[in-house]
Amino acid sequence: MLTDDHATLGYTTSTGFAFTHEEIVDPHFEACADAYREALEGVGIRAGWQVLDAGCGSGTFLPWLAESVGERGRIFALDLAGENAERAAERMRNHPARPRTEIRRGSVLQLPYPDDSFDAVWCANTTQYLDDAELARALSEFRRVTRPGGLVAVKDVDGTLSTVRPADPFLITDFFRASAASPGYARQLLRGRDLYRRLREAGLRSVRQRTILMEHHAPLSPAALRFYGNACARFARQARNLGIPGDWAPFLDPRDAANPLRHPDGYISEGNVVAVGTV
């Protein structure tokens with residue numbers, strides 16, 4: 001469900017969801033690529049498998065998934081935004097190995113695949129856009145389309161590990177505490193470390209979970225400055241609109257030399273959670 005606070009947090013795709021547009025997602029992926037690859041490699045996807053990337057975005061994980069399954073495997077992917085599915089398809093058309101790939105537009109809430117279609121389902125940076133009931137429905141769909149003995153893996157953000165320095169160490173924490181007082185996107189960003197419980201409630205077995213702290217130190221890379229500068233500016237504007245106390249002014253202009261992200265001791269962190277269960 002689209003909530004009012006989505007529109008204040010980032011650019012949107014045709015779906016209306018913020019932070020799903022390539023201008024936001026791709027710089028974030030570039031800035032965090034090492035941690036993202038580590039997350040995927042820990043899932044246990046094997047050569048020869050058929051794997052679904054559910055909520056693939058512009059397809060940034062697809063080349064790595066193709067490497068994991070190899071020539072004997074096959075990759076399927078879908079995204080709610082038609083333009084994302086098109087970009088993902090173009091990305092894989094240009095992949096040197098030309099793996100067997102099928103990409104389409106579709107919803108994780110109603111997957112257009114028969115039961116027991118895949119050896120694994122991978123879902124990254126998508127469940128944060130679902131309310132609790134939608135999350136349960138998506139996990140049920142992931143379980144349905146995965147063969148017995150296969151894997152369901154969900155990776156998403158854990159907002160409780162977000163902080164910026166040099167700044168009030170509780171600034172982002174206070175933002176989330178205030179913004180998450182009512183249901184919506186901010187509250188869903190704090191749900192990451194509950195994923196293991198959600199997977200178990202969906203009927204998955206042998207659930208394991210890992211939290212990865214992603215840290216960026218000054219000088220931040222251009223991609224990190226682009227993503228986190230825009231994200232913090234939007235947090236700052238929303239905080240001011242909601243009357244959340246704190247020194248938000250330095251974050252309003254990502255290009256300002258006074259922005260903490262550009263400080264010689266600038267630092268920002270965020271958490272990512274990967275939960276894996278067996279069908």
Side-chain angles (χ1 to χ4, degrees), residues 20 25-26 28-29 32-70 72-81 84-85 87-89 91-92 95 97 99-113 115-130 135 137-158 192 195-196 198-199 202 204-212 272-279:
T20 59
V25 174
D26 288 358
H28 190 218
F29 188 92
C32 303
D34 290 344
Y36 279 179
R37 179 144 198 168
E38 177 186 351
L40 178 60
E41 289 178 346
V43 168
I45 294 172
R46 300 177 184 174
W49 278 14
Q50 292 201 128
V51 177
L52 171 66
D53 187 347
C56 66
S58 64
T60 45
F61 279 99
L62 293 179
W64 294 344
L65 286 168
E67 290 178 20
S68 297
V69 302
R72 295 183 293 109
R74 190 173 181 187
I75 301 297
F76 295 76
L78 88 165
D79 195 86
L80 189 59
N84 277 345
R87 289 195 69 223
R91 186 189 300 272
M92 296 313 288
H95 192 278
R100 294 189 297 165
T101 308
E102 179 185 301
I103 301 170
R104 63 196 298 181
R105 183 181 181 276
S107 171
V108 298
L109 302 180
Q110 190 173 2
L111 294 174
Y113 307 103
D115 297 357
D116 306 338
S117 293
F118 305 106
D119 299 291
V121 172
W122 166 255
C123 179
N125 305 332
T126 296
T127 61
Q128 61 187 267
Y129 302 106
L130 308 178
L135 174 58
R137 183 176 172 185
L139 293 176
S140 177
E141 280 291 275
F142 298 165
R143 183 176 182 272
R144 178 184 66 79
V145 301
T146 303
R147 65 167 179 79
L151 300 176
V152 171
V154 180
K155 187 206 80 65
D156 225 322
V157 68
D158 173 21
L195 282 173
Y196 76 96
R198 305 284 183 170
L199 266 65
L204 295 162
R205 300 178 292 106
S206 304
V207 178
R208 52 189 168 89
Q209 179 169 297
R210 181 185 177 197
T211 301
I212 301 171
N272 267 242
V273 177
V274 187
V276 185
T278 303
V279 174

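We number each residue from 1, following the sequence as shown.
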Value rounded to 0.5 Å, distance of [atom1] in [X] from [atom2] in [Y]:
X      : Y      : atom1 : atom2 : result
Asp156 : Asn125 : CG    : CG    : 5.5 Å
Arg147 : Ser117 : CZ    : OG    : 12.0 Å
Leu78  : Glu102 : CG    : CD    : 10.0 Å

Shortest non-hydrogen separation from [X] to [Y] and the atoms involved:
X     : Y      : value
Leu80 : Ser107 : CD1-CB, 4.1 Å
Val43 : Arg208 : O-NH2, 2.7 Å
Ala54 : Val121 : CB-CG1, 4.1 Å

Please confirm whether the backbone N or O of [Y] pairs with a side-chain atom of [X], one donor and one acceptor, at under 3.5 Å?
X      : Y      : result
Ser68  : Ile45  : no
Asn84  : Asp79  : no
Arg205 : Gly149 : no

Would you say Asp34 has more than 12 foreign heavy atoms packed within less than 6.0 Å of its CG? no
With a 6.0 Å cut-off (strictly less than), is the heavy-atom count around CZ of Arg46, excluding the residue itself, greater than 12?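 No.
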Looking at side-chain heavy atoms only, is the closest gap between Phe142 and Val279 below 4.5 Å?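 The answer is no, as the side chains (C-beta and beyond) never meet within the 4.5 Å cut-off.
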Is there side-chain contact between Leu151 and Trp49, with at least one heavy-atom pair below 4.5 Å? yes
How are the rings of Trp64 and Phe29 set to each other: parallel, tilted or perpendicular (split at 30° and 60°)? tilted
Is it the case that Asp26 and Ser58 place a side-chain donor and acceptor less than 3.5 Å from each other?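 Yes, because at least one side-chain N or O of Asp26 sits under 3.5 Å from a partner of the opposite role on Ser58.
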